[in-house]
Amino acid sequence: MSSDRRKPFPFDVFEPRWQQRWDSEKTFRTPGPGDADFDASKPKYFVLDMFPYPSGAGLHVGHPEGYTATDIIARAKRMQGHNVLHPMGWDAFGLPAEQYAIKTGQHPRVTTEANIENFRRQLKAIGFSYDWDREVNTTDPGYVRWTQWIFLQLYHSYFCEETKKARPVSDLEAKGWTRGQIDAVRLAFVHEAPVNWSPDLGTVLANEEIEEWKAKGHTVERRPLRQWMLRITSYAERLIDELEPLDWPEGIKLLQKNWIGKSEGAEVDFDVQGQKVTVFTTRPDTLFGATYMVLAPEHSLVAQITTPEQKAAVESYVTACASKSDMDRGDLNKDKSGVFTGAYAINPVNQEKIPVWIADYVMMGYGTGAIMAVPAHDERDFEFAQKFSLPIKAVVQKTVARPVPALSEQEPLPDPLPSSPPPKLQANPSPPANQVSSNQGSANEVSASQCSENKAGTGLATAFCEQGFAVNSGFLDGLPTAEAKAKMIDWLEANQLGKRRIQFKLRDWLFSRQRYWGEPFPIIWENGNHAAIPDSELPLLQPELEDFKPTGDPRGPLIKATDWIAYSPTAQRETNTMPQWAGSCWYYLRYCDPKNSDRFISKEAEAYWLGGSGKPGAVDLYVGGTEHAVLHLLYARFWHKVLFDLGHLTTTEPFQKLVNQGLILGEDGQKMSKSVGNVVNPDDVISEYGADSLRLYEMFMGPLEQVKPWSMKGVEGVSRFLGRVWRSAFEENQAGAWSLHPKLSDAPCTDKALRRVVHQTIKKVTEDIGELSFNTAISQMMVLTNALTASATVPLECLHALLLCLNPFAPHLTEEINARLQENFPTLPSGQLCSQTWPQWEESALVVDEMEIVIQVNGKLRDKLTFPSAATDEEIKTAAMASARVQEFVGTGTIVKLISVPKKLVNIVVK
RNA sequence: GCCGGCGUGGCGAAAUGGUAAACGCACCAGACUUAAAAUCUGUUGAGGUAAUUCUCUUGUCGGUUCGAGUCCGACCGCCGGCACCA
């Protein structure tokens, strides 16, 4: 590791010294409400990092990227007079720790502690200004207690549909609801359903987690199990709507919106052999074009409606689907498959008899698990109809076929039974391919081919899925799609054949895991009923187990702790544990009041740190990777809203402003990975170039949000810059000792140009930090440093301004220079830079005596002229016209126009 | 397939609709040195020219404008997310 490279400044000596001092003096301790030294008159600023999962590999260079950004903000905000909450903690439960523990035979607590130790050491070696007194660890009993308490808040609550808020279930008890009725609406509830079970991990996974673990080589299959669920779907609407006022990247907002997946449409009831089958559709306007129906293979009515002739085929298809993995089923490249049930459904709008099929392209988990197929206007239905030669009937066209009478709201809705006789029933379930059952002569009917780019006569080439105008649709004919939808829904509701329905893709959150290293549920089972244990029994910790390997038993490894399970002679503990998300859902709250043993957060701390900004979001700035766009960020918003509804919080959203740092790639432009061997270890960078160089380089690489490759040469570059800053204060003698630079002078700066650069720098750095544009702030400080290097004297006030600006970026170097200067110049402000006041720029120092005006002819640069800054527009224009170069390019042309931009340019338009 | 984001020197990048390439890397040259490293100073988008100059240049094509890297439209390429959601 050691290199013979001479260090440009003695960071190896002073960096650890400053770190120790900050640690022992608790320089960055942040008093809060209730502390004697808390100053409530200052505004608060809560700047948060996504806390790390303390893996065995230690920090990688991606961690310090976001952490340096927030540290710069935190340090600058402190200097600008804020009480800054800037904490760090550990997301320490989770599968990897347990997998590792199983492999090595060590208790996960032991390995987790060691990993945390290492992470903490690494973070301190980068000089982050965290208040380590507020450190939070999700596995601490004092933390687990409140995670379990919040779970019980969910358990004891339901979602009130009228107020759209969580309310205590005691409200329902007061109304006389039965136990069963209440259990059916709790926000934390037990549900038996097919879940994502991973046999080799021995646990179930949330939908959102499947990809991650599959990518790591684990298998996931569907299996019906009894599980704890959280009713996040109740909040779907609010989770979309309340995204609006947040300062999040639009892309992330959209990602969440799409994940929640709101669709507006209708439920329509079909009659299938006397059974009511409800379908969901977003295109009720195409009901007249439904030519068959499809049920998901898992649909509960499949067995009932299947005719004896089709029984064998249907059963074998259902069995085949059940054994298919989600991956196979989701594969879009495969052909559509399905089988006819032998049954027919009656289309309620025209009494047409349509065949009922089952097919795996219809999912049981979305909508009602049944669809009306409109092959003319849905690509998937179209593909299926083509394959199985089902009829295709166009009911929407691009343009209006005839003048439409204005839609009158008073217009009576037609009778459910059309006055015209129903069309002939199709007895044959497999009519000829590509049949288009329209074109029967009515003037306003169009052939399907008119709606597609296909040549007439051969049927449709593709489905027409856009909006248009209804045709072949009885009382909808001529209406644009939006109006046709509304009218059809009105008709369905009026005739009690269906209703308006909003459908979300979001599923309820599968919240239980069958693992050891997680929070046990504070729940007991007695006589088949679940019940909460009293708050006084929290935290409920996992029992000590010798062997915590998964058993393959879906109840999880805790079943081995027989003493622990036995809660009372008649009651047993729940043996499932919570997922890793539980702890990370609320850690930002705990930082505000980390040691409180009476509440998860005191009212006072909550009001100050989370409610103080008057905005919907509690945390002022949250920086982290994109990978949490739909997991952690959605879950935390959900919990926050529940706690808000129940009166425990005063804000509706956890994170006001969110910034995603971009991935740092390896030097080769590839994603960093052990197998490729392009991983950069921050420890190595620190020992070679120092912590300040690491910090500065990561900020100088490019815009924070951008993906960018690592470059050791780049680190060297910023290290050279820091060396120049150092040498603007000190010079080295023959023996290698640093002494005060003779160029330094505590006389006021008389160099106007230098002074202007100083104030430009203060302005730019101040503004750029506010916009998280750290790379450009650093550029400007390089410009100033270059000016100081070139200057014959280095005025102390100029250097001090630079040190203040640079302090949040390179705290060790700047504090060291400042401390040494303080010894020689007693006029300098006392104390560390980090506790001094942020510098102010003077507008008067920015003004220039002379300005350079660009002279363009027809938009092309032809000359540059210098004027006193007081020159008038007329003077400039006259001088511009007089310019020999301008004359040359104007030539014999006529001047059409003269455009003058004050202090910038003159453009002469010549024809 | 759908939804986002991004395309600027050899490289990382900068640029309220107004001098494209600031700052850094790399390269080259000079100063210091016996020499090297370090440091300091300077050169470097491409093409033409004797030239202080000219022409071209922000993925491609078109548009708006006195003026476009920036705004609008179409296309091409790369990256990320979702994926039979009816």
Each nucleotide N or O in nucleotides 20-26 of chain B that has a protein N or O under 3.5 Å away: list the pair and distance.
| residue | atom | partner | partner atom | Å |
| --- | --- | --- | --- | --- |
| rA22(B) | N1 | Ser779(A) | OG | 3.4 |
| rG24(B) | OP1 | Asn786(A) | ND2 | 3.1 |
| rC25(B) | OP1 | Arg720(A) | NE | 3.0 |
| rC25(B) | OP1 | Arg720(A) | NH2 | 2.9 |
| rA26(B) | OP2 | Arg720(A) | NH2 | 3.2 |

So, for Tyr292(A) and Asp381(A), which heavy atoms are closest and what is the spacing to 0.1 Å?
OH-O, 3.0 Å
Answer for the Watson-Crick or wobble partner of rA31(B), both distances under 3.5 Å, is rU39(B)
Do any side-chain nitrogens or oxygens of Arg885(A) fall under 4.0 Å of OP1 or OP2 in rC54(B)?
yes
Provide the Watson-Crick or G-U wobble partner of rU70(B), both distances under 3.5 Å; none if there is no partner.
none
P-based separation of rC28(B) from rC78(B) [nearest Å]
35 Å
Tell me whether rG9(B) sits syn or anti, counting syn as a glycosidic angle within 90° of 0.
syn
Please report the C-alpha distance between Phe700(A) and Phe721(A) in whole Å, then the side-chain angles of each, then the deciding distance to 0.1 Å, and finally whether the ring pair (Phe, Tyr, Trp, His ring centres under 6.0 Å) criterion is met.
CA-CA 11 Å; Phe700(A) 187 60; Phe721(A) 157 65; 8.2 Å; no
Would you name the heavy atoms of Val757(A) and Ala787(A) that are closest together and state the gap between them?
CG1-CB, 4.5 Å
Within the structure shown, what part of the strands sits under 4.0 Å from Lys864(A) by heavy-atom distance: base, sugar-phosphate, or nothing?
base
rA51(B) to rU44(B) separation - P atoms, rounded to the nearest Å:
15 Å
Between Trp710(A) and Tyr697(A), how do the two ring planes meet: parallel, tilted or perpendicular, split at 30° and 60°?
perpendicular
Distance alone, cut at 3.5 Å: any donor-acceptor contact between the side chains of Ser263(A) and Gln503(A)?
no
P spacing across the pair rA46(B) / rA21(B), given as an integer number of angstrom
14 Å
Residue met sooner reading RNA chain B from 5', once Lys262(A) and Asn907(A) are mapped to nucleotides:
Asn907(A)
Let's test this: given Watson-Crick or G-U wobble pairing with both distances under 3.5 Å, identify the partner of rC75(B).
rG59(B)
Which sits closer to the 5' end of RNA chain B, Leu254(A) or Arg283(A), going by the nucleotide each is nearest to?
Leu254(A)
Should the ring pair Phe9(A) and Trp726(A) be called parallel, tilted or perpendicular, given that the plane angle runs from 0 to 90° and is split at 30 and 60?
tilted
Counting side-chain heavy atoms from CB outward, which of rU55(B), rU39(B), rA86(B) is closest to Arg727(A)?
rU39(B)
Can you tell me the pairing partner of rU52(B) across any strand shown, Watson-Crick or G-U wobble, with both distances under 3.5 angstrom?
none
